[in-house]
Amino acid sequence: MKIKVSAPGKLMLMGEHAVVYNHPCLVTAVDKRLYVEAEIIDKNEDEIIAPQVKESRFVLEAIAYFKKQFKINQFVKISTNGDFSHRVGLGSSSAVTVATFKALSLVFNISLTDRQIFDLSYHVNIAIQGVGSGFDIAIATFGKTTYFVTGGKIIEPLNIKPLPLVVGYSGIKADTPFYIRKVREAFRSRQTQMDSIFEEIESLVEQGKALLLNSDYEKIGALMTKNHQLLQQLGVSIPKLDLMVEKSIKAGAWGAKLSGAGGGDCIIALVSDDKRIVVENAIKSVGGEIITVDNNAEGVKVEEEV
Ligand code: PMV
């Protein structure tokens with residue numbers, strides 16, 4: 001049997017960095033997906049075909065961990081491909097890990113709940129990267145727009161519509177582990193100040209969650225902009241991201257912020273339909289690239305069984 005599954009990429013809506021320190025965040029799944037095909041092969045080693053070297057590390061580690069957990073000694077062929085490039089920071093490593101576990105569970109006929117897929121994938125993510133809250137693993141698994149607390153203490157998909165977001169890519173690849181370490185160093189040297197920023201971020205996330213359930217975009221936009229200012233205080237923004245955020249707001253967005261670790265990758269702007277084109281042009285005018293994605297997408301799922 002050959003199986004094809006997919007898992008979505010992500011965009012952080014609010015709460016990045018604070019979520020590493022036991023605070024909640026809001027994250028949404030995008031409709032760009034990572035695909036994994038798997039089949040059992042009659043060979044004496046596994047075969048991985050992955051266009052990105054980084055992805056094959058996650059696939060290999062997932063296979064090894066899965067076989068160890070479920071005492072399997074057969075071999076598999078896994079091939080991956082994606083709707084999106086890993087350069088824009090939409091979360092290809094987490095999506096490929098989640099999709100690999102789902103595919104392995106199906107070819108080896110071991111039933112796994114989404115929670116188990118999350119736990120296995122988070123283990124692999126930490127084994128390879130050493131740091132991270134697991135928000136990207138949770139969204140690749142559960143999809144939708146989700147309220148998440150560190151390590152999966154809470155994973156709560158919200159029953160809402162897709163958000164009217166514009167996504168602008170800075171052209172700079174973010175180095176997530178670098179920025180996580182940078183915040184950690186700041187946390188060690190001025191914990192009280194950092195704690196109070198994290199508390200403020202948490203309050204925005206809690207308000208944002210309630211407003212999302214009412215689709216109150218104007219107020220959510222204001223919270224996003226405030227969240228961006230707090231990220232500036234954490235020292236993770238860069239002039240290019242600040243400029244894209246500023247231009248979006250000036251062009252009439254309800255609010256805007258960087259999304260993710262900072263230092264590059266994307267900004268998100270919340271916009272009404274009549275302002276979308278103006279905001280997109282404003283982002284382009286300062287060298288940003290518009291990434292066309294929808295959000296609130298489905299979590300990991302089976303695409304095809306042959
Ligand atoms: O850079 P991204 O999109 O992978 O986001 C990182 C978000 C952090 O909160 C900084 C780290 C994490 O694992 O939660």
Side-chain angles (χ1 to χ4, degrees), residues 7-30 32 34 52 54-55 58 82 84-98 118 121-142 145-155 165 167-187 194 197-198 200-202 204-205 208 224 227-228 230-238 240-241 257-268 291 293 295:
K10 51 82 181 129
L11 280 170
M12 181 67 103
L13 294 176
M14 272 189 229
E16 49 273 88
H17 288 291
V19 68
V20 178
Y21 296 81
N22 272 314
H23 296 275
C25 72
L26 290 164
V27 52
T28 192
V30 295
K32 301 267 187 231
L34 204 300
Q52 314 275 358
K54 194 173 166 215
E55 277 166 19
F58 286 85
F84 56 90
S85 149
H86 73 125
R87 82 189 159 95
V88 294
L90 290 178
S92 56
S93 320
S94 38
V96 85
T97 310
V98 165
F118 169 81
S121 305
Y122 187 45
H123 173 96
V124 164
N125 187 267
I126 291 295
I128 295 180
Q129 294 187 163
V131 284
S133 66
F135 81 104
D136 42 2
I137 298 284
I139 202 69
T141 311
F142 292 87
T145 298
T146 293
Y147 174 86
F148 174 85
V149 179
T150 328
K153 288 188 195 86
I154 302 177
I155 303 175
L165 287 179
V167 181
Y169 177 57
S170 63
I172 303 160
K173 173 91 193 92
D175 182 348
T176 298
F178 172 84
Y179 280 91
I180 293 179
R181 281 196 302 274
K182 185 172 177 195
V183 171
R184 194 199 284 149
E185 275 155 31
F187 185 75
M194 298 294 275
I197 298 177
F198 292 155
E200 279 190 68
I201 293 177
E202 168 158 351
L204 298 179
V205 169
M224 285 168 54
N227 194 167
H228 184 74
L230 292 168
L231 289 163
Q232 287 175 318
Q233 289 178 31
L234 287 181
V236 299
S237 194
I238 53 168
K240 180 81 181 268
L241 294 171
K257 64 181 278 293
L258 70 83
S259 173
D265 285 350
C266 294
I267 67 133
I268 50 174
I291 309 280
V293 283
N295 59 79

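Every number for a ligand or one of its atoms is a count from 1 in the order of the listing.
- For Ala261 against Val236, the heavy-atom pair with the smallest separation is O-CB, 3.4 Å.
- Listed by number with element, the atoms of ligand 1 under 4.0 Å from a non-hydrogen atom of Ile180 are 11 (C).
- Below 4.0 Å from some heavy atom of Val19 lie the following atoms of ligand 1, by number and element: 9 (O), 14 (O).
- With contacts defined as side-chain heavy-atom distances shorter than 4.5 Å, the pair Glu16/Asn227 qualifies.
- In plain terms, the two heavy atoms of Ala140 and Ala95 that are nearest each other are CB-CA, 3.9 Å.
- When only non-hydrogen protein atoms are considered, atom 6 (C) of ligand 1 lies nearest to Ala261 N, 3.6 Å.
- For atom 1 (O) of ligand 1, the closest heavy atom belonging to the protein is Thr176 OG1, 2.7 Å.
- The protein heavy atom nearest to atom 9 (O) of ligand 1 is His17 N, 2.8 Å.
- Close approach of ligand 1 to Gly132 is summarised as follows: ligand atoms under 4.0 Å from at least one heavy atom of the residue are 13 (O).
- The protein atom (non-hydrogen) at minimum distance from atom 3 (O) of ligand 1 is Lys10 NZ, 2.7 Å.
- Here is the list of ligand 1 atoms found below 4.0 Å of a heavy atom in Glu16: 9 (O).
- Using modelled atom types and a 3.5 Å distance limit, the side chains of Asn22 and Lys153 yield a donor-acceptor pair.
- Every heavy atom of Asp136 sits 4.0 Å or more from the atoms of ligand 1.
- Gly262 approaches Tyr179 most closely through the heavy-atom pair O-CD1, 3.8 Å.
- Residue contacts with ligand 1: Met12 is placed with no nitrogen or oxygen under 3.5 Å of a nitrogen or oxygen of the ligand (distance criterion only).
- Between Lys240 and Ile172 the shortest side-chain heavy-atom distance falls below 4.5 Å.
- In this structure, the side chain of Ser259 does not engage the main chain of Leu11 through any donor-acceptor pair within 3.5 Å.
- No donor-acceptor pair under 3.5 Å is formed between the side chain of Asn295 and the backbone N or O of Ala29.
- Residues Phe198 and Tyr21 place their aromatic rings such that the two centres sit under 6.0 Å apart.
- Close approach to Gly260 involves these atoms of ligand 1, each under 4.0 Å from a residue heavy atom: 1 (O), 2 (P), 3 (O), 5 (O).
- Near Val20, with a cut-off below 4.0 Å to any heavy atom, the atoms of ligand 1 are 9 (O), 11 (C), 12 (C), 14 (O).
- Annotation: Ser259 places no N or O atom under 3.5 Å from an N or O atom of ligand 1; distance criterion only.
- For atom 13 (O) of ligand 1, the closest heavy atom belonging to the protein is Ser133 N, 2.8 Å.
- Thr146 places no side-chain N or O within donor-acceptor distance of the main-chain N or O of Phe148, the cut-off being under 3.5 Å.
- Among all protein heavy atoms, the one lying closest to atom 7 (C) of ligand 1 is Phe135 CE2, 3.6 Å.
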